[in-house]
Amino acid sequence: MSDVSRRDFLRGATTGAVALGGLSVLTACGGAEGAKPEAESKPEEAKTETKPAEKTETKAAEAEKKVFKQEKFPSAETSPNMNVVTDSETKVGTTYENLLSAIQGETNAKAKYEMYSKIAKDEGFDRAARLFQCTADAEQIHIDLEFDLASKMDSSTKKPEPQLPAEEPTDLNLISGVKGEIYETSDMYPSFIKKAQEEGEKEAVEVFSRAKFAEAYHAERYSGLYAGLGINDENVQYFLCPVCGYIHEGPTDDIEVCPICQAPASSFKAY
Ligand SMILES: [Fe+2]
Ligand SMILES: [Fe+2]
């Protein structure tokens, strides 16, 4: 998905249109696929089978149950999981300054995970190598969203250079990943969301919120892999939402749309 279409998708999601749009895309696809077999099937078979339209309706309804309702999408005012940890380490500035801090943090995380991916590959941990690369690409999505918004506020905004930590073995790199993701989801992003709300920067609230929830899932993926590192290393795939950076642990049969932004699961990239 191009940057432009990703932005358009995000804009749609902000207004709630994508919630219906994602499902209507599925509905439209299901309907088109379903119409042909019905026309070709024999009348007696049609009596016993569920009609394609009904199947599509059920599928959409089931998908809807698996995702956040758009009207219940977490916001700084209503969500129960937007609190900032009491020992916060986040330096809060203006929303523009916070965007710059977030871009620096995401840039560091992306470079760090690419380094961790190479280490995991060298150590023979294929699954960890794929998860680190998938997460690095997720952080790039956050960088792009935040940089686009910061550039709208100040066209002279520059992308920063990454800062890398020391190299460690893969098990410790997974723990480092968990710590970073937990910091972002429970400290940095909720702090920035509250400030953006105070300043009435609605697009920043949306961008920070999407990133915050993606980071929570990233922490979960790293933590889950840490416990089983080296066991069943090959048989798991990861799928990246190209809109918000959510990572699904495969297969995608059990998910229709992204639980954060409701982009269709068919648009996810496999690792
Ligand atoms: Fe992350
Ligand atoms: Fe998403």
Side-chain angles (χ1 to χ4, degrees), residues 1-4 6-7 10 88-123 128-170 172-193 195-196 201 203-204 206-219 221-222 238 240-247 269 271:
M1 187 176 284
S2 70
D3 284 353
V4 172
R6 185 159 65 230
R7 279 198 299 276
L10 180 73
S88 174
E89 294 173 8
T90 301
K91 187 183 167 206
V92 179
T94 63
T95 290
Y96 175 73
E97 289 167 342
N98 294 339
L99 278 165
L100 297 185
S101 297
I103 292 165
Q104 180 71 64
E106 297 284 5
T107 300
N108 295 347
K110 187 207 168 191
K112 181 172 79 172
Y113 295 153
E114 285 183 328
M115 181 177 89
Y116 289 173
S117 180
K118 287 194 185 85
I119 293 170
K121 199 169 184 182
D122 290 345
E123 291 181 341
R130 288 185 283 106
L131 178 58
F132 279 129
Q133 186 56 57
C134 179
T135 318
D137 293 348
E139 310 309 0
Q140 183 63 54
I141 291 169
H142 298 161
I143 293 167
D144 290 344
L145 292 170
E146 289 161 355
F147 184 77
D148 283 355
L149 183 52
S151 296
K152 275 205 301 193
M153 293 177 171
D154 183 343
S155 60
S156 68
T157 304
K158 300 270 190 301
K159 285 191 176 174
E161 288 299 314
Q163 296 158 1
L164 284 172
E167 293 192 14
E168 298 275 10
T170 294
L172 298 183
N173 290 340
L174 286 166
I175 294 298
S176 161
V178 173
K179 285 180 177 173
E181 302 292 343
I182 291 292
Y183 163 72
E184 288 176 342
T185 200
S186 64
D187 190 340
M188 184 183 82
Y189 278 126
S191 299
F192 291 171
I193 289 164
K195 186 65 182 178
E201 295 283 0
E203 199 173 344
E206 185 69 20
V207 166
F208 288 148
S209 297
R210 294 286 170 91
K212 171 197 157 59
F213 287 106
E215 312 307 8
Y217 283 109
H218 296 175
R221 301 291 168 259
Y222 284 150
Y238 295 98
L240 173 63
C241 173
V243 177
C244 74
Y246 163 75
I247 294 174
K269 182 183 173 188
Y271 290 78

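Numbering starts at 1 and runs along the sequence shown. Quick note: numbers below take in every heavy atom, side chains included, and nothing from hydrogens, waters or symmetry partners.
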(request) Assess whether side-chain contact (heavy atoms from CB on, under 4.5 Å) is satisfied between Glu139 and His218, documenting all intermediate values. (result) CA-CA 10 Å; Glu139 310 309 0; His218 296 175; 3.3 Å; yes
(request) With the side chain counted from C-beta on, respond yes when Ile141 and Cys244 share a heavy-atom pair under 4.5 Å apart, and no when they do not. (result) no
(message) If I take atom OH from residue Tyr96 and atom OG from residue Ser151, how far apart are they, to the nearest 0.5 angstrom?
(response) 7.0 Å
(request) Calculate, to the nearest 0.5 Å, the distance between atoms CZ and OH belonging to Arg210 and Tyr246 respectively. (result) 14.0 Å
(request) Mind checking the OG1-CG spacing from Thr157 to Leu100? Nearest 0.5 Å is all I need. (result) 6.0 Å
(message) Can you list everything that forms a salt bridge (charged side-chain N to carboxylate O under 4.0 Å, His left out) with Lys195? Sequence neighbours excluded, please.
(response) Glu198
(request) First locate atom OG1 of Thr107, then atom NE2 of His142, and finally report the distance between them rounded to the nearest 0.5 Å. (result) 12.5 Å
(message) With a 4.5 Å cut-off on side-chain heavy atoms, are Ser191 and Ser88 touching?
(response) yes
(request) To the nearest 0.5 angstrom, please state how far the CD1 atom of Ile182 sits from the OH atom of Tyr222. (result) 12.5 Å
(message) Can you confirm whether more than 12 heavy atoms, excluding those of Lys159, are under 6.0 Å from its NZ atom?
(response) yes
(request) Quick one: list whatever passes side-chain contact (heavy atoms from CB on, under 4.5 Å) with Ala136, sequence neighbours left out. (result) Lys110, Tyr113, Glu114, Gln133
(message) I'd like to know if the side chain of Glu97 and the backbone of Thr94 have a donor-acceptor N/O pair within less than 3.5 Å.
(response) yes
(request) Please round to the nearest 0.5 Å and tell me the distance separating atom CE of Met188 and atom CD of Glu181. (result) 9.5 Å
(request) Examine the side chains of Thr135 and Tyr238 and answer whether a donor and an acceptor come within less than 3.5 Å of each other. (result) no
(request) Could you tell me whether a side-chain N or O of Gln104 sits under 3.5 Å from a main-chain N or O of Glu161, the two making a donor and an acceptor? (result) yes
(request) Evaluate the side-chain proximity of Ile103 to Pro160: yes if any heavy-atom separation is below 4.5 Å, no if none is. (result) yes
(message) Please enumerate all residues that pass ring pair (Phe, Tyr, Trp, His ring centres under 6.0 Å) together with Tyr116, with sequence neighbours excluded.
(response) Phe132
